[in-house]
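In this chain, residues are counted from 1 in sequence order. Fair warning: this is a prediction, and the values are worked out from it, not measured in the lab. When reading the values below, keep in mind they use all heavy atoms of this one structure, side chains included, and skip hydrogens, waters and symmetry mates.
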Amino acid sequence: MIPARYGATRFPGKLMQDLGGKPVIVRTYEATKDTRLFDEVYVVTDSELIFKEIELNGGKAIMSIKEHDCGTDRIAEAVEDMDVDIVVNVQGDEPFTSKSGLKQVLSVFDGPDADKIDLASLMTEIYDWKEISDPNSVKVIVDKENFALYFSRSPIPYPRDKNAAVQYYKHKGIYAFRKKALLDFYRLPMRPMEAVEKIECIRFLEYGKNIKMAISNIQSIEIDTPDDLIRANKVLKDGNNIVVNNQYRNFPMVPKVVYGRGSFDQLSSILAPQRKDKAPFIYLVDDVFKDNADIIDRMNLRFNDKLIFVSAEEEPKTEQVDTIVKNIKGEFTYSPSGIIGVGGGSVLDLSKAVSIMLTNKGSAADYQGWDLVNTKSIYHVGVPTISGTGAEVSRTTVLMGPEKKLGINSDFTTFDQVLLDPDLTASVPKDQWFYTGMDCFIHCVESLNGTFLNEFSKSYGEKAYDLCKEIFLSDNLSEVESRGKLMMASWHGGMSIAYSQVGVAHAMSYGLSYVLGIKHGIGNCIVFDHLEEYYPEGVRIFKEMKDYHNIKLPQGICNNLTEYQMNTMIDIALSLVPLWENALGDDWKSKITRDKLQDLYLKM
Ligand code: NAD
Ligand code: ZN
């Protein structure tokens, strides 16, 4: 809902001013609609002129019945008789409204504490004391789960101790309301704090509502004065459509990495400075190393450090993460100094998830998705013992949950330290070496052929692609060389998708894995073998590699599926929206159908 009052005090009629050939309000309407985040978009106005202009441009508008003092009342009246769940207000004078801010404010309703939330809003980090003390900028303070404690035009908190670090936040006027919260606001009278601060949303706090805040550092242009309009017109003319600071995502990378044969011996000295008094390091180690005294000795466990062997027989599950976390919390009074994962993609993912869940409440299943983790994980280190998944560099940990197979994708997932010792991969069996290596090759093909590709991803993807061809198709590499190269191919392949996405093979392989328990590496190979239509060149080379190494893939694995199983598999595959968007573009839904997926699955 876009509330639009014609007579703004500071700049009358501003919503009807020309912005690059269209009135400001039409620009705002179109930008909001273009986000495709909403079932319906309406302008709610007191002005015939605005109403007609929106309708003339093919949009939907509603005339307010009563007079309203504020935008919130205006949209509350408009939705009173609508059957809606969540209502988002977009400011009429923000023609460059960006998708990511709106997406963020909506995404809080996907979080584990969604039931508690009455409404959500955004805040931006501010640093400049001038802005912090400016009464025109509304500051907000939050609790540790980012629920708003108070809004004020004063600097809050007051910095009595100038040396204590504190982050100041400025409130941004975008809200997502549950319908009930919005109607309550409309019906309940203003109380003294709202009246004295002149900040609408204080009313929610005064009546005990929970406002969840999301951080968004996007800078938008608000049209408040004629000067703003001149600036906005210039922005449009320069083709620089949206002036946002984070139009490009700010990705975490692994901050520390050591590479080299035998570098595993360095592990304990790398960990030493991270050790906190009495707090143990927890080692999660693939159980293939259970009887490998050499590897265990070299880890050099101290004090109350704990070694937990985990099986990679099955892929990691949310339930398994929850159990490990519960046991660690039960056994130790202090939260661990760190989690060290030693193993393949399965163990690395498990370690990342455990380190997140030691500091975040609830079950790992609550965080499967994009950017749902609120609190920084504990220090965690990854030591791969098989190469290909890129799990050592990625910002995801792929987990099988009760309802879905999906990663916990967050800035806190990425390892704090990685140790790459190619010698650790010497014992990997041949077939497994191929399947996991092909995960890397497929990451490259999917990234390089995807619509999300940029030079950053391409530079990593091309390198890894070439390394894979050398490793899997030439016969002039020694085993030692080949291991070192595959370890780096995995790293680059992972970096290539870090800033982009995988595609068709991964989406379909997740379906196989969910329904049939087929593991990631081999599942990808089974799927990719039939994807000539999407990746002709990649699939041709893959088949060549497969023949070269005499790998026999299982056949007919979907022949005996029930209709229910087939449908579940298709549902899981289709639920991975970003993967399809990357593979086939924005209009992917018109390019891939359930029948098409079923045909493909039946071929495998
Ligand atoms: P894996 O960890 O499942 O291990 C495969 C097999 O190899 C296991 O039996 C394991 O015990 C064995 N193994 C591992 N190291 C060995 C060694 N040095 N010697 C002998 N045997 C060894 O395999 P993977 O392919 O590395 O990982 C697959 C998992 O990674 C899947 O769960 C998948 O979802 C995940 N994955 C994660 C990401 C990410 O970015 N987080 C990316 C791709 C895949
Ligand atoms: Zn993969």
Side-chain angles (χ1 to χ4, degrees), residues 1-4 32-33 35-44 60 62 64-66 68-92 94 97 99-123 138 140-151 169 171-191 193-194 199-216 361-362 365-372 374 403:
M1 310 295 289
I2 310 173
T32 309
K33 201 148 171 86
T35 64
R36 292 200 253 155
L37 292 170
F38 307 105
D39 296 318
E40 298 285 356
V41 178
Y42 292 98
V43 166
V44 193
K60 293 186 180 171
I62 297 172
S64 294
I65 302 164
K66 299 189 191 142
H68 299 288
D69 303 331
C70 68
T72 313
D73 283 346
R74 189 177 300 287
I75 63 175
E77 180 198 82
V79 300
E80 209 165 4
D81 298 321
M82 287 186 188
D83 180 20
V84 289
D85 174 20
I86 289 172
V87 182
V88 176
N89 92 320
V90 172
Q91 308 279 22
E94 292 209 9
T97 286
K99 181 168 178 173
S100 64
L102 292 171
K103 211 170 171 173
Q104 254 172 317
V105 79
L106 280 172
S107 74
V108 305
F109 291 99
D110 294 330
D113 50 6
D115 288 349
K116 282 202 300 196
I117 301 172
D118 296 304
L119 66 152
S121 190
L122 293 179
M123 59 187 186
V138 173
V140 53
I141 46 174
V142 292
D143 70 10
K144 71 182 203 319
E145 254 91 52
N146 282 350
F147 281 98
L149 294 169
Y150 191 59
F151 299 87
Y169 293 104
H171 179 220
K172 296 178 63 147
I174 291 181
Y175 297 95
F177 307 92
R178 288 198 190 278
K179 182 179 175 185
K180 177 165 183 332
L182 183 57
L183 293 185
D184 285 351
F185 176 91
Y186 186 38
R187 291 178 191 136
L188 295 167
M190 186 188 293
R191 294 188 47 84
M193 285 198 283
E194 176 188 352
I199 300 174
E200 276 177 39
C201 53
I202 293 179
R203 189 178 315 174
F204 292 105
L205 296 179
E206 284 182 283
Y207 287 100
K209 306 272 185 207
N210 294 322
I211 311 181
K212 177 97 175 185
M213 304 299 294
I215 302 169
S216 158
K361 278 197 273 189
D366 300 334
Y367 299 94
Q368 286 178 282
W370 278 270
D371 300 302
L372 301 175
N374 304 310
E403 279 157 29

N/O donor-acceptor pair under 3.5 Å between Glu200 side chain and Cys70 backbone
no
Shortest non-hydrogen contact from Glu80 to Lys179?
O-NZ, 3.1 Å
In terms of heavy-atom contacts, Ser216 and Gly101 come closest through OG-CA, 4.4 Å
Return the set of residues passing ring pair (Phe, Tyr, Trp, His ring centres under 6.0 Å) with Phe204 (not counting sequence neighbours), or none when no residue passes.
Phe177, Phe185
Run the side-chain hydrogen bond (donor to acceptor under 3.5 Å, both in side chains) test against Tyr207 and tell me which residues pass, sequence neighbours left out.
none
Pair Lys209 + Asp184, salt bridge at N-O below 4.0 Å
yes
Would Lys60 and Val44 count as a side chain to side chain contact (heavy atoms under 4.5 Å, CB included) if you check the C-alpha gap in whole Å, the side-chain angles of each, and the deciding distance to 0.1 Å?
CA-CA 9 Å; Lys60 293 186 180 171; Val44 193; over 6 Å; no
What I want to find out is whether Lys361 reaches Glu145 closely enough, with some N-O distance under 4.0 Å, to be called a salt bridge.
yes
Near Asp143 CG, under 6.0 Å, is it more than 12 heavy atoms from other residues, nucleotides or ligands?
yes
Which atom of Met193 lies closest to which atom of Ile202, heavy atoms considered:
CB-CG2, 3.9 Å
Check: Leu102 and Ser100 side chains under 4.5 Å, non-hydrogen atoms
no
Taking NZ, NE, NH1 and NH2 as the nitrogens, is one of them in Lys66 or Glu77 under 4.0 Å from a carboxylate oxygen of the other?
no
Roughly how far apart are Asn146 CG and Ile211 CD1, rounded to 0.5 Å?
12.5 Å
How many angstroms lie between atom CG of Leu119 and atom NZ of Lys180, to the nearest 0.5 angstrom?
12.0 Å
Residue pair Val88 / Leu106, side-chain heavy-atom distance below 4.5 Å
yes
Are Leu37 and Lys103 packed together at the side-chain level, in the sense that at least one heavy-atom pair is separated by less than 4.5 angstrom?
yes
Go through the steps for Leu182 and Val79 under the test side chain to side chain contact (heavy atoms under 4.5 Å, CB included), then give the verdict.
CA-CA 9 Å; Leu182 183 57; Val79 300; 3.7 Å; yes
Taking the side chain as everything from C-beta on, heavy atoms only, tell me whether Val105 gets closer than 4.5 Å to Tyr175.
no
Pair Ile117-Phe109, side chain to side chain contact (heavy atoms under 4.5 Å, CB included): steps then yes or no
CA-CA 7 Å; Ile117 301 172; Phe109 291 99; 3.8 Å; yes
Pair Asp113, Lys116 - check side chain to side chain contact (heavy atoms under 4.5 Å, CB included), show working.
CA-CA 6 Å; Asp113 50 6; Lys116 282 202 300 196; 4.0 Å; yes
List for me each residue that meets side chain to side chain contact (heavy atoms under 4.5 Å, CB included) alongside Ala214, sequence neighbours excluded, and say none if there are none.
Val108, Leu122
Contact check, side chains of Leu205 and Phe151, non-hydrogen atoms, under 4.5 Å
yes
Under the 3.5 angstrom rule, does the side chain of Asp118 hit a backbone N or O of Asn210 as a donor-acceptor pair?
yes
Heavy atoms only: give me the nearest Ser64-Arg74 pair and the separation to one decimal.
OG-NH1, 2.9 Å
Any non-hydrogen side-chain atom of Met1 less than 4.5 Å from a side-chain atom of Val90?
no
Arg203 side chain to Leu188 backbone, donor-acceptor under 3.5 Å
yes
Determine whether Met190 and Asp69 make a side-chain contact, defined as any pair of heavy atoms from C-beta on separated by less than 4.5 Å.
no
Closest contact, heavy atoms only, Met213 versus Val142:
CG-CG1, 3.7 Å
Can you give me the closest heavy-atom contact between Ile174 and Ser121, atom names plus distance?
O-OG, 2.8 Å
Does Ile215 offer a backbone N or O that forms a donor-acceptor pair with the side chain of Gln104 under 3.5 Å?
yes
